[in-house]
Q: 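Just passing along the structure, written as structure tokens.
Side chains are part of it too, since the values below use all heavy atoms of this structure and drop only hydrogens, waters and symmetry mates. The chains referred to below are lettered A, B, ... by the order of the sequence lines, with proteins before strands, and numbering in each begins at 1.
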Amino acid sequence: MLEVILPDGSKKEFDHAVTPMEVASDIGPGLAKATLAGEIDGKVVGFDTKLPEEGSVHLRLLTKKDQEALGVMRHSCAHIMARAVMRLFDGVQLAFGPTIEGGFYYDFDLEHKLSEEDFPAIEAEMKKIIKQDEPFERIERNRDDSLQVVKDLGQKYKIEHIETGLKDHASMSFYQQGEFIDLCRGPHIPKPKAIGAFKILSVAGAYWKGDSNNRQLQRLYATAFFNKEDLEAHLTKIEEAKRRDHRVLGKQLDLFSINPLVGQGLILWSPKGTIIRNLLTEFVSEQLKKFEYLPVVTPNIGKVDLYKISGHYPYYKDSQFAPIHQAEDEEYLLKPMNCPHHIMIYKSRPRSYRELPYRLSEFGTVYRYEQSGELNGMTRVRGFTQDDAHIFCTDEQVEDEFRKCIQMTQYVLSSLGLTDYRVRLGFRDPDSGKYVGKEAVWDQAESALVRVCKNMGITATAEAGEAAFYGPKADFVVNDCLGREWQLGTVQLDYNLPSAERFDLEYIGPDNQPHRPVMIHRAPFGSLERFMGVLIEHFAGAFPLWLAPEQVRILVVSQKFEEYARKVEEELRNAGFRVSGDYRPEKIGAKIRAAQLELIPYMFIIGGREMEEESVSVRDRIDGDLGSMKIAQAIDKLRDEVQNRVVRQVFKGSAGLGTSAAATSDEY
RNA sequence: GCUGCUGUAGCUCAGUGGUAGAGCACUUCCUUGGUAAGGAAGAGGUCAUGGGUUCAAGUCCCAUCAGCAGCUCCA
């Protein structure tokens, strides 16, 4: 006997195995018609999934109204897209076609090069298939039969997948719709007519099983919704996010540029961008002072030998600028990291335990030769400045120092209203040989990291293979406006560079014996370039007053008031504000519009009334006209906002173009 | 790095193998105004670069450079 508990608390009993669809039919034909999938004890299942025969389950019947049904429907739509492609082109080999955040994709191998010009034909064919409304039917087969099915179908990637990826599965399932059969775990919706609106978005290359040694397939990205309005809303959201793109805004607001003559991935900071950059570094410098860091300055190059000792050299070979060959036995590397230089400062004389923790900080510029396809505006570049520091401390001090680093990073990010991040613990991948140092040391470092995060109440996700080659780390990861993840701040533990095999660092302890210090690498922003890129999108170019390159613009109603206005402008400048005046012979509306489009926080409008009263009419970028106030009063208001680093407006959310898998995974 | 797409005025973009276009921005002139676009005139081009096909190439083909999307990578 099975007891089914429905969301309203009502119970139904069945003396045989039933499916969600059968439960729906039992309740009423209307519900049965609307049911697309089920949710058993919190897990999304198909409408045709057999429930257990005994016991008690909580069942939700999912319809168009339920978000969870969207993923199921999208996967069905992926099958329909694959079916359409197979109808239109010869020799189509199917790979994988999962749902992702915001839609789905399907990978194909076929002779014909798919392009946007093919989309209308594929979409038309998909519409035809949806209109036919043939049901999705689940077929379960044992291993041998399954293999025979895909062999009969001539689907070589499916054959390979059953033989490798699914080698432990005794049985597997297929879904058939008309002439189309695909190896698939499901679930699917009963019939395709629930697919209200869909659109193929793009085509791109993707390697089979994500391995660049494998054949490159053609991937069609698409999305689907239950109705046209939702699809339109989604597409609008993508457009809006694209307008927030730091590459677009950076150009529009004249913050930075990239010139091919200078080189790909090398940022030219314009005056306005530099104002923001300098304010950010000043802000961090205040924190460094507070936490007793010692500023240092080191050169941009170093001998290759230095990096042979540090262990960077063999790893960086593929992603560095080529060494500078000065003379026989004299080669330099553009520095890919600041740590070796800082280590040499530590080593410049003997150290006592009384000096520890010894914290060296530098806004150090480093160069890395990233693959050309990876470069992206300011977020992935070949030359960047880290707000870097290295802490040399004793074993006992590690946790405390690590905690302080995390705290500083949290403080810096929250001061900018950046709260939309996740903390990722990057651990080593035990199967990879790219790490230096002993296993026991790694375990020690990794457990220290987990302990601190736990004590601080930080929810962090551990990811194997994300560690630096010298130690594990805690990264602050944010999304850009398109949904791509970027690592910003980072705190990394390092037991390796101080080791005897590397730089052999030591300090003299209270016992008058040499001891080995531990190193912590940390950077709250990570790189100023990437941070700036993310910040532009975070504020959609509308920086808070304290960061805005131009804080106030004086607008005169008519040129008659220019003299008084210039006096006000001067007064503001003397008060420390970044101010300009618009004295063009234009109408006030046009000047306001110009200032608004340039995202200037405050406009001081000056006409006859203001001149008489020795006041200004204040217009706020966000709230509009605030009325007139005395100049001193206006200055106080703005000064207050600057000093408190008030963040009034941020933009969250992405276009949902990320590829992180949706809740329902539908491939094996 | 790989696959695909793109490259025309400062910006956003039109442009059938036959004389290089628009809007905005810019310059000058008129207008002197009250909270998101006043009017007129003008200037501005190696159609990414280099080859090729053709009587003729912004347009077709090839290569290179750069950008975009995705994949792979990010020590």
Side-chain angles (χ1 to χ4, degrees), chain A residues 100 105 107 113-118 201-221 242 245 247-248 251-252 254 257-261 263-265 307 310-320 336-337 368-377 379-382 426 428 432 434-436 465-471 473 475 482 484 486-487 492 527 530 555-562 583-598 603-610 617-621 624-628 657-659:
Chain A
I100 51 172
Y105 66 77
D107 287 346
K113 298 256 183 262
L114 291 170
S115 76
E116 282 181 31
E117 287 165 27
D118 298 317
L201 300 172
S202 63
V203 56
Y207 299 104
W208 165 237
K209 294 208 164 174
D211 186 338
S212 56
N213 296 314
N214 286 339
R215 189 173 163 79
Q216 192 158 38
L217 311 170
Q218 302 190 64
R219 175 175 295 179
L220 282 178
Y221 281 93
K242 281 182 178 167
D245 191 319
R247 293 165 297 188
V248 175
K251 186 179 259 181
Q252 230 167 63
D254 197 12
S257 61
I258 299 169
N259 187 308
L261 211 50
Q264 287 181 278
Y307 299 103
S310 72
H312 286 101
Y313 191 65
Y315 295 102
Y316 277 79
K317 231 170 203 167
D318 300 327
S319 51
Q320 291 169 323
M337 277 189 172
R368 302 178 187 180
Y369 194 83
E370 304 282 0
Q371 294 183 35
S372 62
E374 308 308 333
L375 300 173
N376 187 284
T379 47
R380 190 81 182 263
V381 294
R382 285 182 174 163
R428 78 191 180 294
S432 168
K434 69 176 181 178
Y435 306 101
V436 298
E466 289 292 330
F469 78 97
Y470 47 74
K473 55 182 188 168
D475 292 328
L482 297 180
R484 295 180 284 206
W486 299 102
Q487 174 200 319
Q492 312 180 353
S527 113
R530 178 177 290 177
L555 308 180
V556 284
V557 172
S558 135
Q559 288 179 316
K560 278 182 274 187
F561 316 112
E562 180 169 344
Y583 303 109
R584 294 176 303 160
E586 273 297 345
K587 289 172 84 164
I588 192 67
K591 295 183 193 180
I592 288 170
R593 183 167 189 274
Q596 193 80 41
L597 290 176
E598 286 178 63
M603 294 162 238
F604 285 4
I605 294 167
I606 289 171
R609 291 200 293 273
E610 288 75 17
S617 171
V618 179
R619 188 186 165 90
D620 178 70
R621 174 181 63 194
D625 191 0
L626 300 183
S628 84
L657 295 178
T659 46

Q: Which part of the nucleic acid does A/Glu610 contact within heavy-atom distance under 4.0 Å: base, sugar-phosphate only, or nothing?
A: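 Base, at least one base heavy atom under 4.0 Å.
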Q: Roughly, in whole Å, what's the span from CG in A/Leu114 to P in B/G70?
A: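 Roughly 18 Å, once rounded to whole Å.
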Q: For A/Ser617, run the side chain to side chain contact (heavy atoms under 4.5 Å, CB included) check against A/Leu555, A/Val557, A/Asp625 and tell me which one passes.
A: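 Output: one option passes, namely A/Asp625.
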Q: Rounded to whole Å, please give me the gap between CZ in A/Arg584 and P in B/A25.
A: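 My rounded result for the distance is 9 Å.
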Q: When rounded to the nearest Å, what value does the distance between P atoms of B/G18 and B/U59 take?
A: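 So the two P atoms sit 11 Å from each other.
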Q: Starting at NZ of A/Lys591 and ending at P of B/G34, how long is that distance when rounded to a whole Å?
A: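 It works out to 12 Å between those atoms.
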Q: Quick one: does A/Gln264's side chain get under 4.5 Å of A/Glu370's, heavy atoms only?
A: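 No. Closest side-chain heavy atoms not under 4.5 Å.
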Q: Going by purine N1 to pyrimidine N3 plus the second Watson-Crick contact, or the G-U wobble pair, all under 3.5 Å, which nucleotide sits opposite B/C29?
A: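 The base-pairing partner of B/C29, which may sit in any strand shown, is B/G39.
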Q: Determine whether A/Arg382 and A/Ser372 make a side-chain contact, defined as any pair of heavy atoms from C-beta on separated by less than 4.5 Å.
A: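 Answer yes - side chains close enough.
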Q: In whole angstrom, what separates A/Asp211's CG from B/U72's P?
A: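 So the two atoms are 9 Å apart, to the nearest Å.
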Q: What does B/C11 pair with, Watson-Crick or G-U, if both distances are under 3.5 Å?
A: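 Pairing partner, where one exists within any strand: B/G23.
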Q: Can you identify which nucleotide, out of B/A69, B/A36, B/G4, has its nearest atom closest to the A/Ala204 side chain?
A: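 Of B/A69, B/A36, B/G4, B/A69 is nearest to the side chain of A/Ala204.
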Q: With hydrogens left out and only the distance checked, is there a donor-acceptor pair under 3.5 Å joining A/Glu374's side chain and the base of B/U72?
A: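 Yes.
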Q: May I ask you to evaluate whether A/Gln264 reaches the phosphate of B/G67, defined as a side-chain N or O under 4.0 Å from OP1 or OP2?
A: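 True: A/Gln264 side-chain N/O within range (under 4.0 Å) of B/G67 OP1/OP2.
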Q: Please check the phosphate of B/G70 (OP1 and OP2 only) for any side-chain N or O of A/Arg484 closer than 4.0 Å.
A: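 Answer is yes, contact under 4.0 Å.
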Q: C1' atom, B/G58 versus B/G45: distance in rounded Å?
A: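 It comes out at 11 Å once rounded to the nearest Å.
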Q: Quote, to the nearest angstrom, the C1' distance that separates B/U6 from B/C74.
A: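 The answer is 26 Å between these two C1' atoms.
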Q: Report the base-pairing partner of B/C74 (Watson-Crick or G-U wobble, both distances below 3.5 angstrom), or none.
A: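 Paired with B/C74, as far as the under-3.5 Å criterion goes, is no nucleotide at all.
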Q: Across all strands shown, which nucleotide pairs with B/G17 by Watson-Crick or G-U wobble geometry, both distances under 3.5 Å?
A: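 Answer to the pairing question: none, since B/G17 forms no Watson-Crick or G-U pair.
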Q: Do the side-chain N or O atoms of A/Asn376 get closer than 4.0 angstrom to the phosphate oxygens (OP1, OP2) of B/A69?
A: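 Yes, A/Asn376 has a side-chain N/O under 4.0 Å of OP1/OP2 on B/A69.
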Q: When we call it a touch if two heavy atoms are under 4.0 Å apart, what does A/Lys560 touch: a base, just sugar-phosphate, or nothing?
A: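 Sugar-phosphate: the residue A/Lys560, judged by heavy atoms under 4.0 Å, touches backbone atoms but no base.
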Q: Rounded to whole Å, how long is the line connecting atom CZ of A/Arg219 with atom P of B/C5?
A: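 It works out to 18 Å between those atoms.
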Q: Considering only the C1' atoms, how many Å lie between B/G42 and B/A25, rounded to the nearest integer?
A: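 Straight-line distance between the two C1' atoms is 14 Å.
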Q: Taking any heavy-atom pair under 4.0 Å as a contact, classify A/Lys113: base, sugar-phosphate, or nothing.
A: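 A/Lys113: backbone/sugar contact only, no base atoms under 4.0 Å.
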Q: What is the pairing partner of B/A48, taking Watson-Crick or G-U wobble pairs with both distances under 3.5 Å in any strand?
A: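 The base-pairing partner of B/A48, which may sit in any strand shown, is B/U64.
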Q: Using only heavy-atom distances, decide whether a donor-acceptor pair under 3.5 angstrom links the side-chain of A/Arg380 to the base of B/C73.
A: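 Yes, the side chain and the base share a sub-3.5 Å donor-acceptor pair.
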Q: Report the base-pairing partner of B/U53 (Watson-Crick or G-U wobble, both distances below 3.5 angstrom), or none.
A: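 Pair assignment: B/U53 / none.
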Q: Identify, between A/Gly465 and A/Ile592, the residue whose nearest nucleotide on RNA chain B lies closer to the 5' end.
A: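 With A/Gly465 and A/Ile592 compared, the 5'-side residue is A/Ile592.
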Q: Under 3.5 Å, is there any donor-acceptor pair linking the side chain of A/Tyr369 to the base of B/G1?
A: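 By the distance-only test, no, there is no pair.
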Q: Just checking A/Gly624: base, sugar-phosphate only, or nothing, at a heavy-atom cut-off of under 4.0 Å?
A: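 If one applies the 4.0 Å heavy-atom cut-off, A/Gly624 turns out to touch nothing in the nucleic acid.
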Q: Among B/G1, B/A36, B/G38, which is the nearest nucleotide to the side chain of A/Tyr207?
A: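 The answer is B/G1.
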Q: Would you call A/Asp211 and A/Lys209 a salt bridge, taking side-chain N to carboxylate O under 4.0 Å as the test?
A: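 Looking at A/Asp211 and A/Lys209, the cut-off is not met.
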Q: Using the C1' atom as the reference point in each nucleotide, state the distance between B/C47 and B/G21 in Å, no decimals.
A: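 Looking at atom C1' only, B/C47 and B/G21 are 12 Å apart.
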Q: Over all strands shown, is A/Pro260 touching base, sugar-phosphate only, or nothing at heavy-atom distances under 4.0 angstrom?
A: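 Here A/Pro260 touches the backbone only, sparing every base.
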Q: What's the gap between B/C13 and B/G7 when it is taken at their P atoms, as a whole Å value?
A: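 The same atom, P, in both gives a distance of 11 Å.
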Q: So what's B/A69 paired with, Watson-Crick or G-U wobble, going by both distances under 3.5 Å?
A: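 In the structure as shown, B/A69 has B/U3 as its Watson-Crick or wobble partner.
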Q: Would you kindly compare A/Arg609 and A/Glu117 by the position of their nearest RNA chain B nucleotide and give the one closer to the 5′ end?
A: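 Whichever sits nearer the 5' end wins; that is A/Glu117.
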Q: With C1' as the reference atom in both, quote the distance from B/G17 to B/C55 in angstrom, rounded to an integer.
A: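 To the nearest whole Å, 11 Å.
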Q: How many whole angstroms separate atom CG of A/Leu220 from atom P of B/A69?
A: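 Spelled out: CG on A/Leu220 to P on B/A69 is 18 Å.
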Q: Rounded to whole angstrom units, what separation is found between the CD atom of A/Glu586 and the P atom of B/A37?
A: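 In whole Å, B/A37 P and A/Glu586 CD are 11 Å from each other.
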Q: CD of A/Gln371 versus P of B/G1: gap in Å, rounded?
A: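 In whole Å, B/G1 P and A/Gln371 CD are 7 Å from each other.
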Q: For A/Ile588, answer base if it contacts any base atom (sugar-phosphate contacts may also be present), sugar-phosphate if it contacts only those atoms, and nothing otherwise; contact means non-hydrogen atoms under 4.0 Å.
A: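 Here A/Ile588 touches the backbone only, sparing every base.
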Q: Assign A/Ser212 to base, sugar-phosphate, or nothing according to its heavy-atom contacts below 4.0 angstrom with the strands shown.
A: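 Since only primed, P, OP1 and OP2 atoms lie under 4.0 Å of A/Ser212, the category is sugar-phosphate.
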Q: Less than 3.5 Å between a donor and an acceptor, one on the side chain of A/Gln559 and one on the base of B/U32, is that the case here?
A: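 Such a pair exists between side chain and base.
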Q: Under 4.0 Å, counting only non-hydrogen atoms across every strand here, what does A/Gly589 touch: a base, just sugar-phosphate, or nothing?
A: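 A/Gly589: backbone/sugar contact only, no base atoms under 4.0 Å.
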Q: Give me the distance, rounded to whole Å, that separates B/U64 from B/G1 when you measure between the P atoms they each carry.
A: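 My reading of the P atoms in B/U64 and B/G1 gives 11 Å.
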Q: Can you tell me if A/Arg247 touches the phosphate of B/C68, counting only side-chain N or O atoms and a distance under 4.0 Å to OP1 or OP2?
A: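 Looking at the OP1 and OP2 atoms of B/C68, one of them is under 4.0 Å from a side-chain N or O of A/Arg247.
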Q: Starting the side chain at C-beta, find the nucleotide from B/G1, B/A37, B/G33 nearest to A/Ser372.
A: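 From the listed options, B/G1 comes nearest.
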Q: Check every strand shown and say whether A/Asn213 touches a base, only sugar-phosphate, or nothing at a heavy-atom separation below 4.0 Å.
A: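 The residue A/Asn213 makes no contact with any strand.
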